[in-house]
Structures are given as structure tokens and as C-alpha cells.
Asker: 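Quick one: this structure, given as C-alpha cells, is what I'll be asking you about.
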There are 2 protein chains.
Amino acid sequence: MNIATDTRSRIIAAAKPRFHSRSYANVGIQEICESAGVQKGSFYHFFPSKRDLVMAVIDEFADEWANGFVAEAFDPALPPMERIDYLIDAAYFWQKSIKQVHGRMLGCIFGNLTLEVSTQDDILRAKLLAIFSRAKSRFKETLEQAAAAGSIAPLDADLTAEAMLAYLEGVILLAKSQNDPEVLYRLGPAIKTLRIEATAG
Amino acid sequence: MNIATDTRSRIIAAAKPRFHSRSYANVGIQEICESAGVQKGSFYHFFPSKRDLVMAVIDEFADEWANGFVAEAFDPALPPMERIDYLIDAAYFWQKSIKQVHGRMLGCIFGNLTLEVSTQDDILRAKLLAIFSRAKSRFKETLEQAAAAGSIAPLDADLTAEAMLAYLEGVILLAKSQNDPEVLYRLGPAIKTLRIEATAG
DNA sequence: CTTGCATTTAACCGGTCGGTCAACTAGCAT
DNA sequence: ATGCTAGTTGACCGACCGGTTAAATGCAAG
């Protein structure tokens with residue numbers, strides 16, 4: 001059991017940085033197997049297809065975030081709007097450290113995969129959509145609490161949360177196009193200026 | 001000469017919708033040649049490499065936009081901030097019509113390619129960066145004129161322009177993840193709420 | 001000691017990848 | 001008529017693609 005689990009997790013560990021730094025299509029199963037020291041047949045014992053592997057990778061990234069930066073940022077002890085500052089900071093420092101190690105801004109793997117595969121694979125698109133949906137909920141809760149506390153004017157929390165998520169993804173995209181995490185530092189804080197008013201009624 | 005030009009443009013015409021609707025890696029030269037009714041050797045007479053083809057495709061999309069929606073939106077006759085409304089509208093209707101014809105939200109080819117290739121090909125990244133840079137300039141001019149006309153409070157036009165471009169790309173990304181152009185309609189107008197203040201001095 | 005299952009091995013599948021090559025054709029200028 | 005060049009043809013290259021297969025393991029429960 002343990003060895004088996006080990007093989008499976010070695011495969012995922014080999015796949016993660018590759019999918020993050022390149023693209024879904026550009027990373028082959030053969031390469032992943034060689035890097036993980038696993039035979040191809042063994043790979044297909046654990047993963048029915050390449051798609052299933054990338055879904056496992058998505059889950060790992062999502063867990064990593066949810067239990068790491070995101071948990072820290074959305075700490076209920078922080079004033080609501082400061083959580084958003086914290087999240088932007090965390091994204092900035094993360095991308096910066098990746099660039100220092102890797103030489104490249106890799107961006108957000110969820111955004112990367114979304115633009116690459118979502119026209120070609122509805123199952124993967126649904127998976128990524130669920131990730132974004134959860135992220136949006138975090139923003140939404142925060143905005144609701146901020147409005148309740150009176151630290152921001154009332155607004156449409158649902159739409160504004162979605163707008164903020166969009167902005168974050170867009171800033172990361174632009175930063176990647178410049179291979180420069182400083183874009184996140186410059187543009188990130190403006191996320192709090194985004195507002196969508198609540199419709200009457 | 002004419003026939004030659006025709007072959008070249010048939011290749012580009014075949015490649016454009018494919019790169020837009022799938023991805024760089026997922027579209028093969030063979031498929032493009034078959035669709036264009038061109039032999040592979042003939043392809044390589046006109047394009048030294050696949051990268052050169054996609055650069056030509058990028059140029060065509062950029063020209064199309066610059067002479068189409070963008071030229072209409074950034075009409076000096078319009079009040080500055082209305083130009084931005086117009087651009088968002090144009091992006092929305094464009095994506096909507098694509099979805100009606102194609103069944104899919106294809107998003108922005110520049111954003112798509114940026115996230116797919118910019119860690120792997122600095123020449124393509126530079127090409128895409130130049131496109132974004134021009135787009136940012138359009139926003140910047142508009143913001144400067146709006147500020148000069150007093151229709152918005154003074155701000156850092158350069159940074160706010162970059163933020164707006166990021167937001168637009170982010171909204172398109174999220175819309176693509178939902179395969180739903182209505183996201184553009186819901187979130188797009190909030191682009192005008194983005195503000196980055198000018199630093200003192 | 002044996003049965004049975006999870007795991008591993010390595011060869012193998014048809015197909016596609018980006019790119020090359022040498023021979024050939026057509027049109028134009030000398 | 002001849003030579004040059006732009007363009008075209010179709011076969012060919014080695015490498016890799018995602019995925020399959022059958023036989024060999026290791027291991028644990030009966």
C-alpha cells in the first residue's frame with residue numbers, strides 16, 4: 001500500500017512543476033514517468049488517462065493554496081479588507097520566489113490550464129470552474145463581512161467578488177507576459193477599487 | 001506573385017481559427033496544410049517554422065482588431081470614458097457571436113497564447129507583449145483625455161491603463177472558464193471603477 | 001503452501017509531431 | 001532557346017504522442 005501510494009505521489013510530484021511551468025500539451029507522460037522513475041504501464045495502473053493525472057495535479061495545487069496562503073490571508077482575525085491585501089501580497093511573493101528559483105514567472109496554473117484546454121475538454125473546464133467558484137466565494141464572504149462592518153460601502157458582493165477574481169487572474173496574465181512579478185506589486189492593490197453596485201430591489 | 005501570395009494567405013486563413021479555438025501545441029502543421037490545400041514543403045517555403053506562422057496569425061488578429069472594433073471604440077469623437085464602454089461592448093458582442101457560430105467562447109487569442117507559450121518561447125512572448133503594450137497605450141491616452149476634460153478625477157493614467165487591460169483579460173478568462181460571454185456583460189462595465197492614484201510629486 | 005490480487009516490467013501499437021529533401025514545374029528575362 | 005528563380009510536390013526523417021498488452025513480480029490472507 002505504502003509503496004503504491006508512493007509511486008502515485010511520485011508521479012504527481014514529477015508532473016506538478018512541469019504542468020505549471022510549461023503547458024498541458026507540452027508535457028508528455030513519458031517524460032513524467034522517466035522523472036518519477038516509473039514505468040509507463042505502472043503510470044496507467046494509477047491514472048486512467050493524462051486528463052486524470054492533470055486533475056490530480058489541480059487538486060494538489062488547490063489544496064496547497066487552500067491550506068497555505070489562502071488560509072493565512074482569509075484569517076477571520078484580520079479585518080476583512082486586509083485579507084485581500086494579504087492575498088495579493090502572498091501571490092506576489094510566491095511568484096517572485098518562483099522566478100528567483102526557476103528564472104520564470106509561471107503564473108497561475110488554474111488560469112494557464114483554463115485558457116489552454118477549456119475549449120477542448122469540458123470535464124477539465126468544469127474542474128477548473130469549480131476551483132474558481134471556490135475562490136470567488138472567499139472574496140464574496142470577505143466583501144459581505146466588510147460591508148457588514150461598515151468598512152466599505154454596500155455593493156453587489158457576488159459580482160464584485162467575481163470581478164476581483166477576474167482582476168487577479170488578469171494581473172497575473174500580464175505579469176507573465178512581462179515575465180515580471182513586480183507587475184503584481186504595482187497593479188495588485190487596485191483590486192480594492194473594483195466595485196459593482198447592488199441592483200435596486 | 002499573386003498565386004504565391006494566395007498560398008501564403010490561405011495557410012494563415014486556415015491557421016487563424018484553429019489557433020484561436022484550440023491551442024498552439026494542439027494545432028499541427030499537417031492539419032493546417034490539409035485544410036489550406038497546400039503541401040507541407042510549400043508551407044515551409046513561406047514560413048521558416050511554426051513559430052513564424054503563429055506570429056503572422058498574431059499580426060492578422062491584431063490588425064483586424066486595430067482596424068475594426070478598436071478603431072470604432074477609440075473614436076476621438078466619442079467622450080473618452082464612453083470609448084471604454086464601447087470597447088467592452090464590442091468584446092462582448094464579438095465573443096457572443098463567436099459562441100453562436102462555434103458553440104464555444106474562444107476568448108482572446110493574445111491572452112490564450114501568452115499563458116501557453118510565454119514560459120517556453122521568449123520571441124513569442126515579446127511579440128505578445130508588444131500587442132499588450134499597444135492596447136495599454138490606447139487605454140492610457142483615453143484616461144489622459146478624460147482627466148484633462150475633467151470627466152474623471154486625476155489618476156496615474158499609465159498604471160490604471162495597465163490595470164484596465166489586466167481586468168479585461170481576466171474577465172475574458174473567467175468567461176471562457178464558464179463558456180459564457182454573459183460574464184463579459186456582467187463584469188465588463190466595472191472596468192471604469194479601477195483606479196490607481198498618481199504618486200505625489 | 002497456495003491462491004489471489006495489486007503492482008511492475010518492457011515491449012509494442014498506430015498515429016502524429018515539426019521539419020527536410022531532391023526533384024520537378026512554371027513563368028520571366030536575357 | 002536558355003538560364004534563373006519562385007513555387008510546388010510528395011516522400012521521407014527521427015522523435016515523440018497517449019495508450020495497450022501480456023507476462024512477470026511481490027505480498028498478504030487462507
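Within every chain, numbering begins at 1; the chains are lettered A, B, ... in the order of the sequence lines, protein sequences first and strands thereafter. Side chains included, hydrogens not; waters and symmetry mates left out as well; all remaining heavy atoms used. The structure displayed is predicted, hence computed values, not measured ones.
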Asker: Please tabulate the protein-to-nucleotide N/O contacts below 3.5 Å involving nucleotides 21-23 of chain D, giving atom names and distances.
Answerer:
none

Asker: Mind running side chain to side chain contact (heavy atoms under 4.5 Å, CB included) on B:Gln145 and B:Ser151 for me, showing each step along the way?
Answerer: CA-CA 9 Å; B:Gln145 289 170 25; B:Ser151 55; over 6 Å; no

Asker: Could you give the NE2-to-C1' distance, from A:His45 to D:dG19, as a whole number of Å?
Answerer: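 After rounding, the reported distance stands at 16 Å.
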
Asker: Could you tell me the separation between the CD1 atom of B:Ile191 and the CG atom of B:Leu165, rounded to the nearest 0.5 Å?
Answerer: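 CG of B:Leu165 is found 8.0 Å from CD1 of B:Ile191.
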
Asker: Specify the separation, in whole Å, of atom CZ of B:Phe46 and atom C1' of D:dT9.
Answerer: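 After rounding, the reported distance stands at 13 Å.
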
Asker: Which residues in residues 26-39 of chain A have at least one heavy atom lying under 4.0 Å from any atom of DNA chain D?
Answerer: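 Heavy-atom contacts with DNA chain D come from A:Val27, A:Gly28, A:Ile29, A:Gln30.
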
Asker: Parallel under 30°, tilted from 30 to 60°, perpendicular over 60°: which one fits the rings of A:Trp94 and A:His20?
Answerer: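 Because their plane-to-plane angle is under 30°, the rings of A:Trp94 and A:His20 count as parallel.
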
Asker: What is the distance, to the nearest angstrom, from the NZ atom on B:Lys50 to the P atom on D:dA15?
Answerer: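 Spelled out: NZ on B:Lys50 to P on D:dA15 is 20 Å.
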
Asker: I'd like to know if A:Arg104 and B:Asp122 make a salt bridge, using a cut-off of under 4.0 Å between side-chain N and carboxylate O.
Answerer: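 Yes, this pair counts.
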
Asker: Rounded to whole angstroms, how far apart are CG on A:Asp52 and P on D:dG18?
Answerer: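 After rounding, the gap between these two atoms is 14 Å.
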
Asker: If an axis is fit to five pairs at each end of the helix from C:dC1-D:dG30 to C:dT30-D:dA1, what is the angle between the two, to the nearest 10°?
Answerer: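 Rounded value for the end-axis angle: 10°.
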
Asker: Take atom CZ of B:Arg51 and atom C1' of C:dC17, then tell me their distance rounded to the nearest Å.
Answerer: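 Atom CZ in B:Arg51 sits about 17 Å away from atom C1' in C:dC17.
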
Asker: Rounded to the Å, how far apart are A:Arg18 CZ and D:dG18 P?
Answerer: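 In whole Å, D:dG18 P lies 13 Å from A:Arg18 CZ.
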
Asker: Give the ring-plane orientation class for B:Phe110 versus B:Phe61, where under 30° counts as parallel, over 60° as perpendicular and anything between as tilted.
Answerer: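 Rings of B:Phe110 and B:Phe61: perpendicular, as their planes differ by over 60°.
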
Asker: Does the pair B:Arg186/A:Glu162 count as a salt bridge with the N-to-O cut at 4.0 Å?
Answerer: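 A:Glu162 and B:Arg186: salt-bridged.
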
Asker: Could B:Lys50 and B:Phe43 be counted as a cation-pi pair, given that NZ or CZ must be under 6.0 Å from the ring centre and within 45° of the axis?
Answerer: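 Negative - B:Lys50 is either too far from the ring of B:Phe43 or too far off its axis.
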
Asker: Separation of B:Phe43 atom CZ from C:dC21 atom C1', in whole Å?
Answerer: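 Answer to the nearest Å: 17 Å.
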
Asker: Measure from CG on A:Asp6 to P on D:dG26 and round the result to the nearest Å.
Answerer: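 For the pair A:Asp6 CG and D:dG26 P, the rounded distance is 17 Å.
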
Asker: Taking B:Lys16 first and then B:Glu64, would you say they form a salt bridge - that is, a charged N and a carboxylate O separated by under 4.0 Å?
Answerer: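 Yes.
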
